[in-house]
Amino acid sequence: MESLTSYTTLKDGFKITISKSDTELTIEAEEQGSGNTFSAKFTDGIIKTMSLELFENIPELFNGLVNAFKGLSEDLSVRVDPNGTIFFTQKLNIGKHEKVLKF
């Protein structure tokens, strides 16, 4: 039996729901003013490429997005534009150098 885990939050005027199963990650963004809903589904096969190799699989992407939405680290941020597009940013410090990864 496939397990399902979800996280819901409000961000930038959207109700964001992130759900993961064993085979798929789903993100839904519902604009609170108009009720317009945007959604996207991702499988393990696309996550590594889409995230510029920052995340390897569904659980890693789910946890990364949830941590960013919760604001658990100053090095992670997430924002939602008016079209429902989610932008994820992570800063990595390597010695004195800072690298910013975005997707």
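From a predicted model like this one, the values you see are computed outputs, not experimental measurements.
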In Å, rounded to the nearest 0.5 Å, how long is the span from [atom1] of [X] to [atom2] of [Y]?
{"X": "Leu65", "Y": "Lys20", "atom1": "CG", "atom2": "NZ", "result": "12.5 Å"}
{"X": "Leu10", "Y": "Phe69", "atom1": "CG", "atom2": "CZ", "result": "10.5 Å"}
{"X": "Thr49", "Y": "Phe42", "atom1": "OG1", "atom2": "CZ", "result": "12.0 Å"}
{"X": "Asn83", "Y": "Asn36", "atom1": "CG", "atom2": "CG", "result": "10.0 Å"}

Solution key, residues 23-32 side-chain donor-acceptor pairs under 3.5 Å, sequence neighbours excluded:
residue : atom : partner : partner atom : Å
Thr23   : OG1  : Glu2    : OE2          : 2.8
Glu31   : OE1  : Ser34   : OG           : 2.8
Gln32   : NE2  : Glu30   : O            : 3.1

- Query: Have Ser3 and Asp22 got a donor and an acceptor in their side chains that come within less than 3.5 Å?
  - Reply: yes
Heavy-atom check, side chain of [X] versus side chain of [Y], under 4.5 Å:
{"X": "Thr5", "Y": "Phe62", "result": "yes"}
{"X": "Phe88", "Y": "Leu76", "result": "yes"}
{"X": "Asp81", "Y": "Phe87", "result": "yes"}

Less than 3.5 Å apart, which donor and acceptor atoms pair up between the side chains of residues 52-59 and the rest of the protein, not counting sequence neighbours?
residue : atom : partner : partner atom : Å
Asn57   : OD1  : Glu60   : N            : 3.0

- Query: Under the side chain to side chain donor-acceptor pair (under 3.5 Å) test, which residues partner Thr85, sequence neighbours left out?
  - Reply: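 None.
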- Given Lys15 and Thr8, is the side chain to side chain contact (heavy atoms under 4.5 Å, CB included) satisfied, shown in steps? CA-CA 7 Å; Lys15 178 181 174 184; Thr8 301; 3.6 Å; yes
- same_hphob_cluster(Leu4, Ile16) at 4.5 Å side-chain heavy-atom cutoff: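 No.
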